[in-house]
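By convention in this document, chain letters (A, B, ...) are assigned in the order of the sequence lines, proteins followed by strands, and residues within each chain are numbered from 1.
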Protein chains: 2
Amino acid sequence: MPADRAPTRIQKKNRAAILEAALDVFSSHGFRGSTVDRIAKAAGLSKPNLLYYFSSKEAIFNELMAGLLDTWLDPLRALDPEGDPLEEILAYVQRKLQMSRDYPRESRLYANEIVQGAPRLHDVIATDLTVLVEEKAQLLQDWMDTGRINRAHPKHLLFSIWSLTQHYADFDAQVRTLMGAEDPFDAAPDYLETLYRRMLTPES
Amino acid sequence: MPADRAPTRIQKKNRAAILEAALDVFSSHGFRGSTVDRIAKAAGLSKPNLLYYFSSKEAIFNELMAGLLDTWLDPLRALDPEGDPLEEILAYVQRKLQMSRDYPRESRLYANEIVQGAPRLHDVIATDLTVLVEEKAQLLQDWMDTGRINRAHPKHLLFSIWSLTQHYADFDAQVRTLMGAEDPFDAAPDYLETLYRRMLTPES
DNA sequence: CAATGATTTGACCAACTGGTCAAACTCACG
DNA sequence: CGTGAGTTTGACCAGTTGGTCAAATCATTG
């Protein structure tokens with residue numbers, strides 16, 4: 001493995017190629033279903049060469065996950081207590097939907113992990129994510145208490161946003177087959193906006 | 001393997017035990033992440049003994065899938081054109097949610113497959129499921145056209161129901177961690193009923 | 001209680017997989 | 001162009017895994 005210096009041109013290129021290839025392979029076969037050899041070939045390297053850049057299969061996976069989680073939670077972090085409640089939530093929904101469209105592999109990688117019981121993610125979920133969710137759930141609760149949006153269980157509201165938006169990435173194979181020629185992402189933004197607008201616009 | 005006769009008492013018991021064990025193992029590790037040996041042990045058999053009842057790992061998986069799909073689609077089939085539109089849909093949502101609670105492993109098994117591109121399910125989706133979805137989407141469209149429920153893209157409406165209900169099974173690990181002591185299924189039925197009632201109750 | 005078919009298993013095999021290593025090759029720089 | 005660090009690879013290894021097989025054991029029934 002390279003020493004502790006600044007990465008060379010080749011290191012930068014190859015590490016990037018490996019992570020890109022690994023995202024492809026891991027997201028479509030899961031951790032155990034992916035082989036180092038396959039990732040290496042997808043990155044245009046030999047297996048020993050790949051292992052020269054990453055000490056193990058798990059090391060690649062971890063680096064991928066670490067990078068993923070941060071970007072994954074950014075849209076929620078950006079939910080602004082100062083903004084207009086309904087518009088903030090609708091914008092959050094659209095940001096999440098956009099991520100499903102632009103980064104479906106990342107979404108599936110995450111889904112793969114959680115579906116299998118989150119063995120490698122449990123700690124992050126139990127700490128970082130929990131804190132963030134508690135904070136934002138409280139914000140939603142405040143908005144409801146002051147009558148600025150309709151009442152609904154705040155955490156379930158968050159779950160529903162994740163579920164609905166990520167569905168388009170995670171179940172892409174099913175969604176596209178059932179939609180035929182129509183691109184799911186054509187109608188999805190409008191559908192979700194309508195759903196949450198009807199759901200959350202204060203009554204009376 | 002047993003001959004083409006009526007199954008003996010032992011055959012019935014062991015085949016059932018194998019399928020039960022396989023559901024456990026496949027749903028929590030995916031196809032490639034599961035080993036025949038592990039399934040065998042979970043079923044209380046030796047590996048060669050298991051392979052006496054099923055010719056291969058894939059054969060177990062296929063039998064499991066075949067059985068699954070039928071029950072999986074039953075709640076949608078039961079959507080009754082003669083019933084009250086809103087109540088029919090709400091009842092469908094609750095049936096699906098109930099299945100997520102009662103059969104989470106089946107849900108995860110299905111999710112695992114779809115997330116990984118549905119390699120072993122594409123044909124069924126492209127035929128049986130497509131037909132059923134077209135039929136029910138048309139029914140929803142009719143209800144909308146006659147003003148009995150609010151307008152929304154029918155297929156996206158179906159996707160949202162699947163997504164929201166199965167989320168509680170598929171992302172169970174995440175949901176439970178974030179909910180802490182509270183059982184997710186306590187508030188979920190009410191949350192989803194409210195959501196779809198607000199969404200679909202005809203305006204004006 | 002035979003004896004025949006059903007069931008079970010230990011031993012085994014070939015393919016695959018994650019990872020190692022020494023030797024070879026390439027590149028940047030003086 | 002030489003040289004040392006950075007890069008690449010073929011050969012290899014040990015552990016795992018899906019699957020086979022002959023021999024042993026068990027259950028059923030005439």
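- At C:dT8, one or more side-chain N or O atoms of B:Tyr53 fall inside 4.0 Å of OP1 or OP2 (strictly under the cut-off).
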B:Arg151/B:Asp145 under salt bridge (Lys or Arg N to Asp or Glu O under 4.0 Å): CA gap, chis, key distance, verdict: CA-CA 8 Å; B:Arg151 282 195 187 282; B:Asp145 288 345; 2.9 Å; yes
Are any protein N/O atoms closer than 3.5 Å to N/O atoms in nucleotides 18-26 of chain D? If there are, list each pair with its distance.
unit_1 : atom_1 : unit_2  : atom_2 : d
D:dG18 : OP1    : B:Ser34 : O      : 3.2
D:dG18 : OP1    : B:Lys57 : NZ     : 3.0
D:dG18 : OP2    : B:Val36 : N      : 2.8
D:dG18 : N7     : B:Lys47 : NZ     : 2.8
D:dG19 : OP2    : B:Lys57 : N      : 2.8
D:dG19 : N7     : B:Lys47 : NZ     : 3.3
D:dG19 : O6     : B:Lys47 : NZ     : 3.1

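- Scanning all heavy atoms of the two residues, the minimum distance from B:Pro184 to A:His156 falls at O-CE1, 3.2 Å.
- Straight-line distance from the CD1 atom of B:Ile39 to the P atom of D:dT16: 18 Å, rounded to whole Å.
- An OP1 or OP2 oxygen of C:dT8 is reached within less than 4.0 angstrom by a side-chain nitrogen or oxygen of B:Asn14.
- If you measure from atom CZ of A:Arg15 to atom P of D:dT7, you get 11 Å, rounded to the nearest angstrom.
- The side-chain tip of A:Arg120 points at the ring of A:Phe31 from less than 6.0 angstrom away and within 45° of straight on.
- Atom-to-atom, NE2 of A:His29 to P of C:dT17 comes out at 11 Å; the value is rounded to the nearest Å.
- Nearest nucleotide to the side chain of B:Gln11, out of C:dA6, D:dT7, C:dT8: C:dA6.
- A salt bridge does not link B:Asp74 with B:Arg95: none of the charged nitrogens is closer than 4.0 Å to a carboxylate oxygen.
- Contact annotation: A:Tyr52 side-chain N/O to D:dT7 OP1/OP2 distance is under 4.0 Å.
- Rounded to an integer number of Å, the gap from B:Ile18 CD1 to C:dT7 P is 11 Å.
- What you find for A:Met199 and A:Ala152 is that their closest heavy atoms are CE-CB, 3.6 Å.
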Derivation of the side chain to side chain contact (heavy atoms under 4.5 Å, CB included) call for A:Leu69 and A:Leu121: CA-CA 10 Å; A:Leu69 271 168; A:Leu121 277 180; 3.6 Å; yes
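- For the pair A:Asp70 and A:Arg77, the salt-bridge criterion is met [side-chain N within less than 4.0 Å of a carboxylate O].
- Remark: B:Thr8 is not in phosphate contact with D:dT28, judged by side-chain N or O atoms under 4.0 Å from OP1 or OP2.
- The phosphate of C:dT8 has neither OP1 nor OP2 within less than 4.0 Å of any side-chain N or O from B:Ser46.
- A:Phe61 places its CZ atom 14 Å from the P atom of C:dG19, with the value rounded to the nearest Å.
- Atom CZ of A:Arg105 has more than 12 heavy atoms from other residues, nucleotides or ligands within 6.0 Å.
- The residues B:Arg15 and B:Glu63 are annotated as salt-bridged, a charged nitrogen and a carboxylate oxygen being separated by less than 4.0 angstrom.
- Distance A:Ile60 CD1 to C:dT17 P: 15 Å, rounded to the nearest Å.
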Protein-nucleotides 26-30 of chain C N/O pairs under 3.5 Å:
unit_1 : atom_1 : unit_2 : atom_2 : d
C:dA28 : OP1    : A:Arg9 : NH2    : 2.8

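- When the side-chain nitrogen and oxygen atoms of A:Asn49 are compared with OP1 and OP2 of D:dT7, none of them lie within a distance under 4.0 Å.
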